[in-house]
Amino acid sequence: MAKLHLGVLGSGSGSNMQSIVDAIEAGTLDAEIKVVLADFPDAKILDRARKHNIPCQFLDCSPWKTKLADAAEENCIKILKDAGVDTVVLAGFMRIVKPKLLEAFPNRVLNIHPALLPAFPGVHSWTQALDYGCKVAGVTVHFVDAGTDSGPIIVQKAVPVLEDDTPETLHARIQVQEHIAFPEALNILASGKYRIEGRRVRIG
Ligand code: GRF
């Protein structure tokens with residue numbers, strides 16, 4: 001077991017970061033969040049971090065909307081390294097991270113995606129699942145590689161799609177599982193009892 005030193009990147013409400021904070025505070029996850037970065041100055045994830053006295057700051061990623069500008073990426077790596085981060089958690093971070101960040105934290109960048117990958121990568125995946133007529137949807141926590149939502153899978157959780165679901169009700173059901181899946185995946189990392197063999201993450 002090795003305590004995780006986490007850096008969390010987010011763009012929105014931060015409910016996934018909250019689930020990690022809650023697991024740490026409950027003593028069910030051996031980790032410390034060293035720093036939280038958000039690409040919007042008023043992102044709620046920053047308020048949540050402040051409430052728990054976790055160092056946090058706005059990461060200016062302009063001029064791009066969907067990726068990290070080179071300067072922002074370098075700044076991001078520096079902040080994470082200076083904070084003593086060994087594991088980077090993308091918790092609703094709506095930007096594609098680039099190779100430099102992945103190289104700075106090899107096999108230590110995790111993402112959560114609200115779909116059962118490889119189905120429905122990209123945005124609004126719960127709406128994609130609903131529109132496709134899926135009877136089952138879910139969430140995936142995976143290592144990040146150079147692709148989009150394509151790295152080796154650590155944890156998946158499924159939820160039923162109900163007859164009267166709207167995108168909102170389905171997303172809410174998926175989010176309940178997200179908040180279980182992320183701490184679970186981080187516990188696997190902390191245990192050290194896993195190995196990555198090609199696409200497969202062998203646990204135990
Ligand atoms: C989650 O649905 C996550 O799966 C997706 O973005 C959303 C972030 O939610 N990548 P939150 O900011 O953690 O509440």
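Heads up: numbering here begins at 1 and tracks the sequence. We count ligands from 1, going down the list as the structure has it; atoms in each ligand are counted the same way.
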(message) Test of understanding: given a 4.0 Å heavy-atom threshold, classify the contact between K44 and ligand 1 as side chain, backbone, both, or neither.
(response) neither
(message) Suppose we measure from atom 5 (C) of ligand 1 to each protein heavy atom; which comes out shortest, and what is that distance?
(response) P114 CD, 3.9 Å
(message) Give me the nearest non-hydrogen protein atom to atom 10 (N) of ligand 1 as residue plus atom name, then the distance to 0.1 Å.
(response) I112 O, 3.2 Å
(message) As an exercise, identify every atom of ligand 1 less than 4.0 angstrom from a heavy atom of H171.
(response) 2 (O)
(message) Please state which option from A91, S11, G14 has its nearest heavy atom closest to atom 12 (O) of ligand 1.
(response) G14
(message) Considering non-hydrogen atoms of the protein only, which is the closest contact for atom 9 (O) of ligand 1, and what is the distance?
(response) Q175 NE2, 3.4 Å
(message) Just verifying a value: how many Å separate N75 CG and D70 CG, rounded to the nearest 0.5 Å?
(response) 12.5 Å
(message) H113 versus ligand 1: do any nitrogen or oxygen atoms come within less than 3.5 Å of each other?
(response) no
(request) Could you verify whether a donor N or O on one side chain and an acceptor N or O on the other, from S15 and H179, lie under 3.5 Å apart? (result) yes
(request) For atom CZ of F58, decide whether the heavy atoms of other residues, nucleotides or ligands shown that lie under 6.0 angstrom number more than 12. (result) yes
(message) Students should be able to answer this: which protein heavy-atom is nearest to atom 3 (C) of ligand 1, and at what distance?
(response) E178 OE1, 3.5 Å
(message) Show the nearest heavy-atom pair for residues L130 and P167, with the distance to one decimal.
(response) CD2-N, 3.5 Å
(message) Among all protein heavy atoms in this structure, tell me which lies nearest to atom 8 (C) of ligand 1, with the distance rounded to 0.1 Å.
(response) G92 CA, 3.5 Å
(request) State, without any angle test, whether H142 and Q156 hold a side-chain donor-acceptor pair at a distance under 3.5 Å. (result) no
(request) Could you check atom 14 (O) of ligand 1 against the protein and tell me its nearest heavy-atom contact, residue, atom and distance included? (result) S15 OG, 2.5 Å
(message) Within the structure provided, determine whether D39 and R95 are in side-chain contact (heavy-atom separation under 4.5 Å).
(response) yes
(request) Report yes if the side chains of R202 and K193 come closer than 4.5 Å at any heavy-atom pair, otherwise no. (result) no
